[in-house]
Number of protein chains: 2
Amino acid sequence: METGQREDRRTATERRRAELLEAADRVVLRDGPEASMNAIAAEAGITKPILYRHFGDKSGLYRALAKRHTDALLATLRTALDSPGDRRDRVEATLHAYLGAIEAHPQVYRFLMHPAEAPADGEKGLDAGRHSVPLLRRMGEDLAEVIAERLDLGPDSAQLARAWGHGIVGMMYAAGDWWLGERPFSRDLLVRHLADLLWGRLAAAGDRAGSPGL
Amino acid sequence: METGQREDRRTATERRRAELLEAADRVVLRDGPEASMNAIAAEAGITKPILYRHFGDKSGLYRALAKRHTDALLATLRTALDSPGDRRDRVEATLHAYLGAIEAHPQVYRFLMHPAEAPADGEKGLDAGRHSVPLLRRMGEDLAEVIAERLDLGPDSAQLARAWGHGIVGMMYAAGDWWLGERPFSRDLLVRHLADLLWGRLAAAGDRAGSPGL
DNA sequence: GACTGCTGTTACCGCTAGTAACCGGCACGT
DNA sequence: ACGTGCCGGTTACTAGCGGTAACAGCAGTC
């Protein structure tokens, strides 16, 4: 059967592609985001041109690699957003899920957040202006969607939800990045501190005696 | 005079260094963060080895370049934090200062936030584990300092202030990055949305009818 | 048996960061 | 006046990168 054979071909090449991605994964996890195409090809037991046939160029391979991890992380965050309890519980669960993920796989985190890409060919690329860190954007958009569909925010709720989505994600990102580097206290405490911040404790706190005030 | 001449030498080399930095600045602003050392040397009217004598390696030059802009931005943020008015006014003024800066000089912003550095030599570097985006860290630490010295946050105020400092900076960063790319509404509106978020409107908002709740 | 499509190779290009070795002028001690 | 360092500057090079052209072998199809 012709179509059957074509299907076999297609699934075979897709399996091959997945194998290559796993090899690339191993190398990136071992050598960091600066892994060279030669190293990845060697790890996969082949040579460079095959990688280029499968992924086009280096950023194509990196995008494919990032998509896997990003999808996985976003899925766990979604389930955390649907966890039982009141709103504060859900927010804390989501923060916990994110921080737990970056704590468990810091190499993956580093790869996703600091990919160190560089087109290096002027503006010949298709859409060279693209941001090199799409994970933050995707998390922000996802959270904005959830906020917009679940909260009653008045007339301009779409705008507000997106600003908040990206803002909250950024808060989680920067605080997590700092915390992961220093580990000054427990994950649980960071979650509570951030939730407190979102719950308006900054606005409610009193000025320190003798300070010009904030 | 010996010391006088030595002073002349020192100031001369420092002036030269500043000239080279300005040339590098021009090239980076024109070509983006992927500017090559050759291009920078050409812009300065010299050749590569002199750059390497002055700055060690590429990341040294980039660090020196980033330090200038980072210092300038942090200074304007500090003055915004000291602006007159109540706390909400100060927070909004600071957000405005940051967003205004990245809006006025997006190329500088892109260089500072997405430097695309790559050591590429395994772990031979001095402290290769360093984060490639120090601006966020410095802003976070600065804000944490201000918070800790001006707000009364109870016993573990130092911890809390740092978590909040980095968190707020991250919120500002991610929301600003998204906003700068899409410009869906005015800067003023984004400032108000983010301040609302910090003022606890997320916790106070009601659930939408028929949603599972957030 | 010729044709086609796929995986794989070797060998190369142009570019990059970074370095070694050398050249010339200018201020110094004697 | 004369070496003698030092310093800004150069040319010419290395090693490695991303990326590609051209070719080799092996399946299945007509």
Side-chain angles (χ1 to χ4, degrees), chain A residues 1-20 23-24 27-28 31-63 65 115-122 124-126 128, chain B residues 1-20 23-24 27-28 31-63 65 115-122 124-126 128:
Chain A
M1 255 219 224
E2 196 183 37
T3 60
Q5 306 246 359
R6 287 228 175 138
E7 278 303 302
D8 283 359
R9 284 265 176 225
R10 266 188 59 182
T11 60
T13 64
E14 280 178 14
R15 257 203 12 249
R16 194 84 185 94
R17 191 183 148 104
E19 288 175 24
L20 297 184
V27 177
V28 165
D31 298 353
E34 303 93 8
S36 81
M37 294 296 268
N38 255 327
I40 294 173
E43 169 72 27
I46 53 169
T47 48
K48 273 192 302 175
I50 314 177
L51 283 183
Y52 284 96
R53 277 217 262 267
H54 273 273
F55 301 103
D57 62 351
K58 184 174 187 172
S59 103
L61 197 167
Y62 275 43
R63 265 196 304 269
L65 209 53
E117 289 188 64
D121 57 356
K124 157 196 145 210
L126 3 155
Chain B
M1 255 215 231
E2 196 182 37
T3 61
Q5 307 246 358
R6 288 229 175 134
E7 278 303 304
D8 283 0
R9 284 262 176 227
R10 266 188 60 181
T11 59
T13 65
E14 278 178 16
R15 257 204 11 249
R16 195 83 185 93
R17 191 182 147 104
E19 287 174 24
L20 298 183
V27 177
V28 165
D31 298 353
E34 303 93 8
S36 81
M37 295 296 269
N38 254 328
I40 294 173
E43 170 71 28
I46 52 169
T47 49
K48 275 193 299 176
I50 315 179
L51 283 183
Y52 283 95
R53 278 219 263 267
H54 273 273
F55 300 103
D57 62 350
K58 186 174 184 169
S59 102
L61 197 167
Y62 274 44
R63 267 196 302 270
L65 209 53
E117 288 188 64
D121 56 356
K124 158 194 142 213
L126 3 156

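Throughout, protein chains are lettered first and strands after them, A, B, ... in sequence-line order, and every chain is numbered starting at 1. Since this is a predicted model, take the numbers as computed values, not measurements.
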Inset, instruction - Would you mind classifying the nucleic acid contact of A:Ser36 as base, sugar-phosphate or nothing, using non-hydrogen atoms under 4.0 angstrom? - result: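 The answer is sugar-phosphate, as A:Ser36 gets under 4.0 Å only of primed atoms, P, OP1 or OP2.
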Inset, instruction - For B:Ile50, answer base if it contacts any base atom (sugar-phosphate contacts may also be present), sugar-phosphate if it contacts only those atoms, and nothing otherwise; contact means non-hydrogen atoms under 4.0 Å. - result: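 The residue B:Ile50 makes base contact.
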[X] versus [Y]: any side-chain heavy-atom pair under 4.5 Å?
X	Y	value
B:Arg63	B:Phe55	no
A:Arg16	A:Ile46	yes
B:Glu43	B:Asp31	no
B:Leu61	B:Met37	yes

From [atom1] of [X] over to [atom2] of [N], roughly how many Å is that when rounded to an integer?
X	N	atom1	atom2	answer
A:Lys48	D:dA21	NZ	P	13 Å
A:Met37	C:dC15	CE	P	20 Å
A:Leu51	D:dT20	CG	P	13 Å
A:Phe55	C:dT7	CZ	P	12 Å
B:Tyr52	C:dG18	OH	P	4 Å
B:Arg17	D:dC7	CZ	C1'	17 Å
B:Asn38	D:dC17	CG	C1'	15 Å
A:His54	C:dG8	NE2	C1'	10 Å

Legend entry - Donor/acceptor link under 3.5 angstrom from B:Arg53 side chain onto base of D:dG9: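 In this structure, the two groups form a donor-acceptor pair.
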Legend entry - Distance test, side-chain N/O of B:Thr47 to OP1/OP2 of D:dG9, below 4.0 Å: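 False: B:Thr47 side-chain N/O out of range (4.0 Å or more) of D:dG9 OP1/OP2.
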